[in-house]
Each structure stands twice: as C-alpha cells, then as structure tokens.
2 protein chains.
Amino acid sequence: MNDGDMGAGPSARSKRADARRNQETLLDAAASVFVTSGVEAPVRDIAARAGVGVGTIYRHFPTRADLIIAVYRHQVEACAEAGPALLASSATPHAALSQWINLFVDFLVTKHGLAGVLRSDNTSFDTLHSYFIDRLLPVCAQLLDAAADAGEIRSGPKAYELMRGVGNLCIGAEHDPGYDARRLVELLIAGLRQPH
Amino acid sequence: MNDGDMGAGPSARSKRADARRNQETLLDAAASVFVTSGVEAPVRDIAARAGVGVGTIYRHFPTRADLIIAVYRHQVEACAEAGPALLASSATPHAALSQWINLFVDFLVTKHGLAGVLRSDNTSFDTLHSYFIDRLLPVCAQLLDAAADAGEIRSGPKAYELMRGVGNLCIGAEHDPGYDARRLVELLIAGLRQPH
DNA sequence: TAAGCAAACGGAACCAGGCTCCGGTAAATG
DNA sequence: CATTTACCGGAGCCTGGTTCCGTTTGCTTA
C-alpha cells in the first residue's frame with residue numbers, strides 16, 4: 001500500500017524515524033484530545049498536544065477524516081469481526097443482530113461527537129462515512145439477511161438504511177440525560193420484528 | 001409579537017417604517033436562501049439577498065436561531081395545532097400519534113438541514129431547540145399519554161426522547177436516495193406498539 | 001566523520017464564516 | 001427646516017481550516 005514496511009521483504013525502506021515517531025505521537029494526541037474535546041476539536045489543539053506544527057498533521061493525515069479513521073480503526077475492525085462471531089454464538093439471528101447493533105451503538109455514543117460528524121454534510125467527511133459503510137455494512141447486511149431468512153423480521157429497511165438510522169439516533173447522545181439512544185435503537189429493532 | 005409594540009397599550013409607538021420593511025424583506029430573503037442553500041447558509045448570503053448589511057440582520061435577529069424560528073414559526077404553530085385536531089378525528093390515539101409524527105417528519109425533511117441544526121451542539125442553537133421543545137413537546141406528550149391510556153403502547157420513551165429520536169432520524173434525509181427517514185420513523189412508532 | 005540531499009518539519013499566512021462596533025443616514029417630530 | 005435618535009451598512013475582529021515555503025534533520029555515501 002505505501003512504500004514503507006508492509007512486509008515486502010527485509011529490504012523494504014522505512015520512512016524516516018522522526019516521521020514514524022510523529023505519526024505515532026499524533027495518533028496518541030488525537031485520541032486523547034478526542035476524548036476530552038470531541039472529534040471536532042480544533043486541529044491546532046491536536047498539533048499543540050502532540051508538540052508538532054499543523055503542517056505535520058496535514059502531511060500525515062490529509063483530511064481530518066483520515067485522522068479519525070486511523071484513531072478508531074482497531075475498534076471498527078473489532079466491531080466488524082464481532083458480527084459473524086455473534087451470528088455463530090447466538091440463539092437466533094435476530095438476537096445476534098440486536099447484540100451487534102448494541103456494540104455499534106456503544107462504540108458511537110462513547111466517541112464524543114463521532115456520530116454527528118458521520119452525518120455532517122461537510123464533504124471532507126465523506127471518506128469517513130465511506131470507511132464505516134465499506135467496513136460495517138456487509139456485516140450488518142449478513143446479520144439482517146440471516147434474520148430475514150429465519151423469518152424473524154418483516155421486510156423493512158435494507159442494511160444501509162438501518163445503519164444510518166442507528167447512527168443518527170446516536171447523535172448528541174452523550175450529554176443529554178433525558179435522551180437514551182440505546183433505548184430508542186432497541187425500539188427500532190423491536191419494530192423490525194415480524195409481528196409473528 | 002408582530003410589530004414590536006410589546007402590548008403596552010394601544011398608544012404604543014411603532015417601529016420606524018424602514019425597520020419594519022427590512023424585517024419583512026429579511027424574512028423573505030432568509031426563507032428563499034434556506035430553500036436553496038439550507039438553513040446553515042452564510043449570514044452574508046442572506047444579507048446580500050435582502051440587499052442589507054449584516055448588521056441589520058443581527059439587529060433584527062440577534063442569533064441565527066431567532067431568524068430560523070421567525071421563518072418557520074407559522075409552520076411550527078400549524079403542526080402544534082394539528083395535534084389535538086388529529087386526536088379528535090382519528091380512530092385511535094395511536095393512529096393520531098402516528099399521523100402527527102408524520103406531519104412533524106414532513107416538516108423537518110423538507111427544510112434543508114433544519115433537523116441537523118436542531119441537533120447541533122453549537123450553543124447558539126439552544127434557543128431553536130428550546131423553541132421546538134416548548135411548542136411541540138406538550139402536543140406530543142398529550143398524544144402519547146392518550147395512546148398509553150388506551151393501552152396501545154408499551155411503556156417506552158417519554159415524549160422528549162421520542163421527539164429527539166424522530167428529529168435525529170430526519171437528519172440528512174434530503175439528499176440520500178438510499179435513506180428514507182419516514183420509513184424508519186414508522187418502524188420506530190411500530191416498535192412502540194404494545195406487543196399483541 | 002563529514003558532505004550532500006531529500007524528507008519532514010513548523011508555523012506564518014491565507015481563506016471562510018460568525019459576530020461586533022461605530023460613523024453615517026434618514027425617519028419621525030416639532 | 002432643524003433636531004433627535006432609531007436604524008443602517010459594512011469594515012474589521014475572531015476562530016478555525018488549510019496551504020506554502022524556508023529551515024531543520026535523518027539517512028546515505030564518500
């Protein structure tokens with residue numbers, strides 16, 4: 001993918017040491033700033049926290065979306081991999097779907113502002129949106145199809161629509177004690193059930 | 001409420017003619033810019049469209065929220081008044097609730113970006129949020145209570161949570177052909193039904 | 001070890017958009 | 001017509017994103 005390591009043999013040239021170090025530092029700084037100030041924290045704040053100039057951020061992460069993706073990649077991967085596992089271990093496909101959606105919701109609501117930025121109409125977040133869709137939509141579709149095949153759900157929204165709906169319900173869920181995204185998502189999933 | 005008299009008796013002085021004219025012009029300009037560029041259009045654009053300076057906007061509408069409220073006030077009022085009417089004319093309270101929610105959704109999705117701005121964490125939109133809540137929440141609560149009394153719905157979210165959820169589902173619904181907010185809202189309302 | 005070079009760095013500078021402030025304009029009034 | 005003052009316009013400030021380029025620094029090679 002890049003010319004760096006990627007196991008292309010022992011002779012592969014590395015990036016300069018300071019570059020790699022900075023990339024690491026930036027990821028840590030961004031993660032910690034995201035926790036305290038949300039994913040929409042000013043770029044300058046992240047640069048300051050990392051002790052680098054803003055130019056360095058843009059060199060490593062051309063758009064803010066790239067930075068966010070890099071910070072959360074592990075967790076998105078984990079969520080994606082949990083899908084098939086849940087399907088294998090759950091009593092019914094609908095139960096698996098429900099549990100998986102819970103994982104997804106937990107991820108979104110604990111990342112201050114992430115759900116909101118996912119739905120921003122700012123075009124610079126398109127790649128973030130695409131990343132989530134590319135990685136998670138197939139998983140969701142698999143669970144949904146399994147539940148449909150089992151006759152547990154009515155013909156309703158396709159996976160894309162469901163995921164967007166769930167994502168939307170998570171927006172602004174962090175700091176409003178009167179709003180519980182999980183409860184509403186449960187309601188939505190309940191509405192999906194076949195009225196036996 | 002309309003011409004700035006503050007109800008201090010019939011002798012109350014009117015505003016200057018140019019001020020009243022500008023206020024009217026601004027409302028028209030804002031409405032038309034909102035249609036084409038969304039409710040988050042730059043203030044300067046609205047000023048230009050109205051042929052006034054930005055100072056004039058801020059004098060008449062101290063925050064953008066005030067402007068948005070003024071532009072949509074009639075429609076919000078109509079929506080609020082439709083609640084009791086629907087309750088009186090519908091077969092069941094749940095049907096009335098469902099229809100009323102549909103009105104609300106129609107309103108939100110046809111106002112480019114309005115749902116998104118309702119959920120913005122930008123504090124300057126708090127008054128917009130408050131306005132919607134103050135005006136519409138009691139209506140929603142009345143419908144919800146009626147449906148609960150009739151035993152049609154399970155004990156679920158309170159009116160506030162329901163309205164926020166519905167509002168969230170409407171975010172970004174305008175320009176995504178693969179996403180139909182109405183369908184998801186219907187699912188949500190269906191999930192509210194008492195099982196069997 | 002030192003020289004040469006490209007990679008990488010930092011932050012000044014530029015742009016966009018929100019909001020304020022104040023000198024100027026003109027509506028109301030006598 | 002003169003006076004008052006509400007009201008107007010837009011220059012200008014602020015915040016935050018993004019770019020650009022002179023400087024620094026790690027790596028390579030002699």
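Lettering follows sequence order; numbering is per chain, from 1.
Interface remark: the A:Arg44 side chain does not form any donor-acceptor pair with the C:dG11 base, using a distance-only criterion of under 3.5 Å. Scanning atom types as modelled, one donor and one acceptor separated by under 3.5 angstrom connect the side chain of A:Arg16 and the base of C:dA7. Residue side chain B:Arg59 reaches the base of D:dG9 through a donor-acceptor N/O pair under 3.5 Å, judged by distance alone.
Between B:Arg49 and B:Asp28 there is no salt bridge, since none of the side-chain N atoms of the basic residue sits less than 4.0 Å from a carboxylate O of the acidic one. Taking 4.0 Å as the cut-off between side-chain N and carboxylate O, B:Arg73 and B:Asp66 do not count as a salt-bridged pair. A salt bridge between B:Asp180 and A:Arg164 is absent, with no side-chain N of the basic residue lying under 4.0 Å from a carboxylate O of the acidic one.
For the pair A:Gln23 CD and C:dA7 C1', the interatomic distance rounds to 14 Å; values are reported in whole Å. Rounded to whole Å, atom P of D:dG17 lies 9 Å from atom CD of A:Glu40. Atoms CD (B:Glu24) and P (D:dC8) sit 14 Å apart, rounded to a whole Å. Nucleotide D:dG10 holds its C1' atom 17 Å from the CD1 atom of B:Ile46, rounded to whole Å. The CZ-P distance, from A:Arg20 to C:dA8, rounds to 10 Å in whole Å. The NZ atom of B:Lys15 sits 20 Å away from the P atom of C:dA26 (whole-angstrom rounding). Look at CZ on B:Arg21: it is 11 Å from C1' on C:dA26, rounded to the nearest Å. When rounded to the nearest whole Å, the span between CZ of A:Phe125 and C1' of D:dG17 equals 10 Å.
Where B:Ala17 and B:Pro42 meet DNA chain C, the nucleotide closest to each residue was compared, and B:Pro42 sits on the side nearer the 5' end. When each of A:Thr56 and B:Arg64 is assigned the nucleotide of DNA chain C with its nearest heavy atom, A:Thr56 is the one assigned upstream, toward the 5' end.
Considering B:Leu184, B:Leu169, B:Val166, B:Thr110 as possible partners of B:Val105, the one that fulfils the side chain to side chain contact (heavy atoms under 4.5 Å, CB included) test is B:Val166.
Note on A:Val54: a base of the nucleic acid sits closer than 4.0 angstrom, heavy atoms only.
Considering CD of A:Gln75 and SG of A:Cys79, their distance stands at 9.5 Å, rounded to 0.5 Å.
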Starting from the C-alpha separation in whole Å, work towards a yes-or-no answer on side chain to side chain contact (heavy atoms under 4.5 Å, CB included) for B:Phe125 and B:Arg119. CA-CA 8 Å; B:Phe125 289 117; B:Arg119 277 308 335 136; over 6 Å; no
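Paired runs in DNA chain C that reach 3 or more consecutive Watson-Crick or G-U pairs, where each pair keeps both distances under 3.5 Å, cover C:1-30 with D:1-30.
The side chain of A:Tyr58 lies closest to D:dT18 when the candidates are C:dC19, D:dC7, D:dT18.
Below 30°, between 30° and 60°, or above 60°: for B:Phe132 and B:Phe104 the angle between ring planes is between 30° and 60°, a tilted geometry.
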